[in-house]
Colleague: 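Got a structure for you, written out below as structure tokens; questions coming shortly.
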Amino acid sequence: MGLLLQSLSMIILLMWFFCLPALRAQSTNGSSLSPARALDALLQAYAYKAFHRPKTGIPYEGAVPSNLTGINITALRLRSGSLFRYGVAKYNEFHIPKGVSEQPYVKRLVLVYQNLGNRSATYYQLSGYTYLTPVLGLLAYNASNLLATDLPELNITATRDPISIRFSDVKSAPDGAVAKCVQFDLYGQHSFSNVSSNNQCSTIQHGHFSIVKFKHRKKVQQMERAADVGEALHMTTVGNTKAPAATVTRTQPVLETEYAP
Ligand SMILES: *[C@@H]1O[C@H](CO)[C@@H](O)[C@H](O)[C@H]1NC(C)=O
Ligand SMILES: *[C@@H]1O[C@H](CO)[C@@H](O)[C@H](O)[C@H]1NC(C)=O
Ligand SMILES: *[C@@H]1O[C@H](CO)[C@@H](O)[C@H](O)[C@H]1NC(C)=O
Ligand SMILES: *[C@@H]1O[C@H](CO)[C@@H](O)[C@H](O)[C@H]1NC(C)=O
Ligand SMILES: *[C@@H]1O[C@H](CO)[C@@H](O)[C@H](O)[C@H]1NC(C)=O
Ligand SMILES: *[C@@H]1O[C@H](CO)[C@@H](O)[C@H](O)[C@H]1NC(C)=O
Ligand SMILES: *[C@@H]1O[C@H](CO)[C@@H](O)[C@H](O)[C@H]1NC(C)=O
């Protein structure tokens, strides 16, 4: 009976696991945006409100609704040709070199900057890692209609040097951990890369960026190894037969999840 129940719950667990990616894939459908993508759309609209007869090449700070205080946004309107030829030496933490182009082509575009502040870990959950900086976003949109909302992002790609991000106030990594850059694409996929000069990350694309603690995996492996050793020791003699005593009841190491943006 106990065994049957166990197999049943296993099957349910497995089904849940295999259905998850499908559910996630569906969430790219406009009717069920992820919270992070819904936030992007909202911040695009609020960033565009910062424009009042905007000059090109001047960053304008936007105001966010009161339920999102702690998040800062900026909007910068540029001619696409100027972005490609000159870049933007300094756009808050971002340094945009020459050679950045957008896809599809537009004559003018808006670069929306986001600083998610103390809400970083709410929208970009990375369990097992600690944010050492806020999550910053850099997204590009068509600038033809500054009253537009729900605009699709334009892809921007650095064709020569990468775009660099110089974070201010990076918290120090916890003991035994190494700081790594993390980058999220618009589909919620993340990747890690090395930090340079203690506070710099680089990217060839739009997205969301931060610095976290790395090496948690090593800790997990160590814990697993310890658990395996513990298990081996439990191979004790029961009567005259060697029996694994710790197959089912083995306690899994629990990882702490910290968010400290
Ligand atoms: C989103 O899904 C709904 C039904 O689930 C469908 O009718 C609609 O066409 C989809 N939209 C897009 C943009 O795929
Ligand atoms: C915050 O408020 C804005 C404007 O009232 C609303 O559109 C948005 O859905 C709210 N967002 C959250 C996360 O509560
Ligand atoms: C973030 O900070 C703002 C003040 O800057 C505060 O109003 C808000 O409650 C904080 N949000 C979270 C999730 O800590
Ligand atoms: C933008 O990039 C994504 C992959 O990152 C790709 O799937 C999409 O087709 C691109 N869109 C355009 C208009 O190039
Ligand atoms: C957000 O903007 C406010 C006002 O300009 C500033 O005081 C605050 O330091 C900014 N926060 C971040 C996280 O940059
Ligand atoms: C940009 O917006 C203008 C005005 O809404 C539209 O005519 C044009 O097709 C848009 N360009 C792209 C690439 O979406
Ligand atoms: C990242 O840093 C590690 C450790 O310092 C080094 O071994 C590795 O080669 C670096 N990777 C890249 C792509 O620079």
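When a ligand or atom number is given, it counts from 1 through the structure's own listing order.
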Colleague: In the protein, which heavy atom is nearest to atom 14 (O) of ligand 4, and how far is it?
Modeller: Gln103 CG, 3.2 Å
Colleague: How long is the straight-line distance from CG of Asn92 back to CD1 of Ile165, given to the nearest 0.5 Å?
Modeller: 12.0 Å
Colleague: Relative to the ring of Phe184, is the ring of His190 parallel (under 30°), tilted (30 to 60°) or perpendicular (over 60°)?
Modeller: tilted
Colleague: Any non-hydrogen protein atom below 4.0 Å of atom 9 (O) of ligand 4?
Modeller: no
Colleague: Is a donor on one side and an acceptor on the other found under 3.5 Å between the side chain of His95 and the backbone of Ala89?
Modeller: yes
Colleague: Quick check: closest heavy atoms across Ala63 and Ile73, and the distance to 0.1 Å?
Modeller: O-CD1, 4.1 Å
Colleague: Counting only heavy atoms, tell me which of Ala148, Pro152, Ala143, Ser144 gets closest to atom 4 (C) of ligand 6.
Modeller: Ser144
Colleague: For atom 7 (O) of ligand 3, what is the closest protein heavy atom, and at what distance to 0.1 Å?
Modeller: Thr69 OG1, 3.4 Å
Colleague: Within a distance under 4.0 Å of any heavy atom of Arg119, pick out the atoms of ligand 3 and give their elements.
Modeller: 8 (C), 11 (N)
Colleague: Starting from atom 11 (N) of ligand 3, locate the nearest protein heavy atom and write down its residue, its atom name and how far away it is, to 0.1 Å.
Modeller: Asn118 ND2, 3.1 Å
Colleague: Looking only at protein heavy atoms, identify the closest one to atom 12 (C) of ligand 6 and say how far it is in Å.
Modeller: Asn142 ND2, 3.4 Å
Colleague: Please could you name the atoms of ligand 4 that Pro104 approaches to less than 4.0 Å, counting only its heavy atoms?
Modeller: 13 (C)
Colleague: Considering non-hydrogen atoms only, spot the tightest contact between Phe192 and Lys180 and give its length.
Modeller: CD2-CB, 4.3 Å
Colleague: Just jot down the ligand 4 atoms closer than 4.0 angstrom to any heavy atom of Tyr187, in number order.
Modeller: 3 (C), 7 (O)
Colleague: Any atom of ligand 3 sitting under 4.0 Å from a heavy atom of Thr122?
Modeller: no
Colleague: How long is the span from the OH atom in Tyr141 to the OH atom in Tyr48, to the nearest 0.5 Å?
Modeller: 8.0 Å
Colleague: Nearest 0.5 Å, what's the CD-OG1 distance between Glu93 and Thr133?
Modeller: 8.5 Å
Colleague: How does Tyr105 reach ligand 4, if at all, at less than 4.0 Å between non-hydrogen atoms: by side chain, backbone, both, or neither?
Modeller: neither
Colleague: For atom 5 (O) of ligand 6, what's the nearest protein heavy-atom neighbour? Residue, atom name and distance, please.
Modeller: Asn145 CB, 4.2 Å
Colleague: Are any of the protein's heavy atoms under 4.0 angstrom from atom 2 (O) of ligand 6, yes or no?
Modeller: yes
Colleague: For ligand 4, is there an N or O atom under 3.5 Å from any N or O atom of Asn155?
Modeller: yes
Colleague: Let me confirm one number: the CD1-OG distance from Ile71 to Ser120, rounded to the nearest 0.5 Å.
Modeller: 8.0 Å
Colleague: Can you measure from NZ (Lys49) to CG (Leu147) and round to the nearest 0.5 angstrom?
Modeller: 10.5 Å
